[in-house]
Engineer: 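Have a look at this one before I ask anything.
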Amino acid sequence: MTKQERYFRGLLGAWELLIDFPLPQSLADRLGKGVDATSKLVAFPLVGAAVGILLALAAEFCSKAFNPVAGNIIFACLGAVFLELKDSGRGQRLLLALITAFRQKRNLASELPGLVPERSRSDFAFEQTFSTIFQLVKVTLLFVLAYYSAKLWFAAMLIGAFTVQGILAMEPDNESGHPILPVPAENRRFIWFSAGVLTIPLLFCFPLATFLGIALVYFSAAGLAGFFRRNYSGVTPNLITLAGYLTEFALLILGILLALTIQ
């Protein structure tokens, strides 16, 4: 297998782990030939960059096809839907489950390992209200980023979120003890090299926001990995999804604070 083929399969494998939209059958057949965990790991930030750039291009198209305000509103609505559907809504449902546990005054430390993306029948009205408000906030933030010439920040958001998920995917599962990505210790740093190279262009566009975003991603990934290892002997797929979802939203807010170009 050539190096290019290995990296391409790694990209497909990372997509399959991160995005719930199925691959075309021809690509799925190539992935079925096997791919090593390191190649998948390196591709986590690359998938984020690719999806983020596609979102930026979609925003640019909408703003040109319609007037800037209407076009960016249309994009923001579609973009918010896409961001929820990319993990089939699990991220938001896990956040709701965590908030519900807090509202019911349950022990969050003991709830985290068993967190599941299911709606609470006893708190249905609150969850519906929260979901609606949360999505309206996300649509508003996406609109502001697109309207004020910060479309490339979508790539920064997803590079960061997927990097955090990649770091946590190397941690042992808290039940089986086997990580989702069994990457050799000497190769674990490669995800940081991949993410670092991809963020270099963003430093020229949003220097302060990118610098603080890198710090946020690094300390989130390292802090959460250590916390889950010490307290739960590892992670669960749901905790990885929730960590990526929260990182994505935190980077969205950071973009609003520091990445806008306001004339």
Side-chain angles (χ1 to χ4, degrees), residues 15 18-21 44-96 99 127-165 195 198-199 201-203 205-214 216-217 220 241-263:
W15 176 281
L18 292 164
I19 309 291
D20 283 355
F21 301 139
F44 268 55
L46 186 57
V47 172
V51 175
I53 290 171
L54 287 175
L55 285 175
L57 290 174
E60 186 67 20
F61 172 79
C62 288
S63 66
K64 299 297 185 185
F66 307 94
N67 68 66
V69 174
N72 284 313
I73 289 174
I74 292 170
F75 162 75
C77 294
L78 295 176
V81 171
F82 171 82
L83 291 175
E84 291 302 319
L85 291 181
K86 77 181 190 306
D87 63 4
S88 300
R90 290 192 304 276
Q92 181 177 272
R93 293 199 302 273
L94 287 165
L95 177 60
L96 281 170
I99 293 172
E127 292 190 357
Q128 286 292 98
T129 303
F130 177 86
S131 296
T132 301
I133 294 173
F134 188 78
Q135 289 306 315
L136 287 173
V137 169
K138 184 175 284 189
V139 167
T140 303
L141 297 180
L142 290 172
F143 167 78
V144 172
L145 276 177
Y147 186 78
Y148 287 107
S149 306
K151 299 177 181 70
L152 277 179
W153 188 252
F154 302 139
M157 286 166 43
L158 294 174
I159 291 171
F162 290 172
T163 298
V164 169
Q165 288 182 285
L198 292 168
T199 54
L202 297 171
L203 281 168
C205 301
F206 321 105
L208 181 58
T210 302
F211 180 77
L212 292 179
I214 291 170
L216 186 153
V217 168
S220 295
T241 298
L242 179 61
Y245 189 77
L246 292 176
T247 302
E248 179 188 300
F249 190 69
L251 289 170
L252 177 57
I253 294 174
L254 182 62
I256 292 295
L257 295 175
L258 297 174
L260 303 182
T261 301
I262 300 177
Q263 300 297 332

Engineer: Any side-chain heavy atom of Leu85 within less than 4.5 Å of one from Asp20?
Structural biologist: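 They are not in side-chain contact.
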Engineer: Taking all non-hydrogen atoms of both residues into account, name the closest pair between Ala243 and Val164 and its distance.
Structural biologist: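 Minimum heavy-atom contact is CB-CG1, 4.2 Å.
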Engineer: Let me confirm one number: the CG-NZ distance from Leu142 to Lys151, rounded to the nearest 0.5 Å.
Structural biologist: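 Between Leu142 CG and Lys151 NZ, I get 12.0 Å after rounding to 0.5 Å.
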Engineer: Report yes or no: does Arg93 contribute a side-chain atom to a donor-acceptor pair with the main-chain N or O of Ser88 at less than 3.5 Å?
Structural biologist: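 Present.
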Engineer: Without hydrogens or angle criteria, can the side chains of Tyr245 and Gln165 be said to hold a donor-acceptor pair below 3.5 Å?
Structural biologist: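 Note: Tyr245 and Gln165 side chains miss the donor-acceptor criterion.
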Engineer: Taking the six-membered ring where the residue is Trp, are the ring centres of Phe249 and Phe134 under 6.0 Å apart?
Structural biologist: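 Yes.
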Engineer: What distance do Thr210 atom OG1 and Leu216 atom CG have between them, rounded to the nearest 0.5 Å?
Structural biologist: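 Answer for the OG1-CG pair, Thr210 versus Leu216, is 12.0 Å.
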Engineer: Give, for atom CD1 of Ile214 and atom CG of Leu203, the distance between the pair rounded to the nearest 0.5 Å.
Structural biologist: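 So the CD1 of Ile214 and the CG of Leu203 are separated by 5.0 Å.
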Engineer: Please name the pair of heavy atoms, one in Ala155 and one in Ala49, separated by the smallest distance, quoted to 0.1 Å.
Structural biologist: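 So the two residues come closest at CB-O, 4.2 Å.
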Engineer: Is there a side-chain contact between Glu248 and Lys138, using heavy atoms and a 4.5 Å cut-off?
Structural biologist: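 Yes, close enough: below the 4.5 Å cut-off.
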Engineer: Looking at every heavy atom in both Ala146 and Asn72, which two are closest together, and how far apart are they?
Structural biologist: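 Heavy atoms only, the tightest pair is CB-OD1, 3.3 Å.
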Engineer: Does Phe154 reach the side chain of Leu145, with side-chain heavy atoms less than 4.5 Å apart?
Structural biologist: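 SC-SC contact between Phe154 and Leu145 confirmed.
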Engineer: Take the angle between the ring planes of Phe21 and Phe82 and call it parallel below 30°, perpendicular above 60°, tilted in between.
Structural biologist: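 Taking Phe82 first and then Phe21, their aromatic rings sit tilted (interplane angle of 30° to 60°).
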Engineer: Search all heavy atoms of Pro45 against all heavy atoms of Ile159 and return the closest pair with its distance.
Structural biologist: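 Smallest interatomic distance, heavy atoms only, reads O-CG1, 3.6 Å.
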Engineer: Determine yes or no for a side-chain-to-main-chain donor-acceptor pair under 3.5 angstrom, with Lys86 supplying the side chain and Ile19 the backbone.
Structural biologist: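 Not confirmed, Lys86 side chain does not pair with Ile19 backbone.
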Engineer: Rounded to the nearest 0.5 Å, what separates atom CG in Leu257 from atom CG in Leu252?
Structural biologist: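 Atom-to-atom, Leu257:CG and Leu252:CG are 10.0 Å apart.
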Engineer: Sequence neighbours left out, cut at 3.5 Å: what donor-acceptor pairs do the side chains of residues 55-66 make with other protein atoms?
Structural biologist:
from	atom 1	to	atom 2	distance (Å)
Ser63	OG	Ala59	O	3.3
Ser63	OG	Glu60	O	2.8

Engineer: Calculate, to the nearest 0.5 Å, the distance between atoms CG and OG1 belonging to Asp87 and Thr241 respectively.
Structural biologist: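 Taking CG in Asp87 and OG1 in Thr241, the distance rounds to 6.5 Å.
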Engineer: If you compare all heavy atoms of Val139 against all heavy atoms of Ala80, which two are closest, and at what distance to 0.1 Å?
Structural biologist: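 Nearest pair, atom of Val139 first, then Ala80: CG2-CB, 3.6 Å.
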Engineer: Do you know which two heavy atoms are closest between Leu251 and Ala156, and how far apart they sit?
Structural biologist: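 Reported closest heavy-atom pair: CD1-O, 3.8 Å.
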Engineer: Measuring only between side-chain heavy atoms, which start at C-beta, is Leu202 closer than 4.5 Å to Trp153?
Structural biologist: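 The answer is no, as the side chains (C-beta and beyond) never meet within the 4.5 Å cut-off.
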Engineer: Got a second to check how far Leu158's CG is from Leu46's CG, nearest 0.5 Å?
Structural biologist: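 Spacing of CG (Leu158) from CG (Leu46) equals 12.5 Å.
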Engineer: Might you work through the side chain to side chain contact (heavy atoms under 4.5 Å, CB included) test for Ser149 and Leu260, ending with a clear yes or no?
Structural biologist: CA-CA 6 Å; Ser149 306; Leu260 303 182; over 6 Å; no
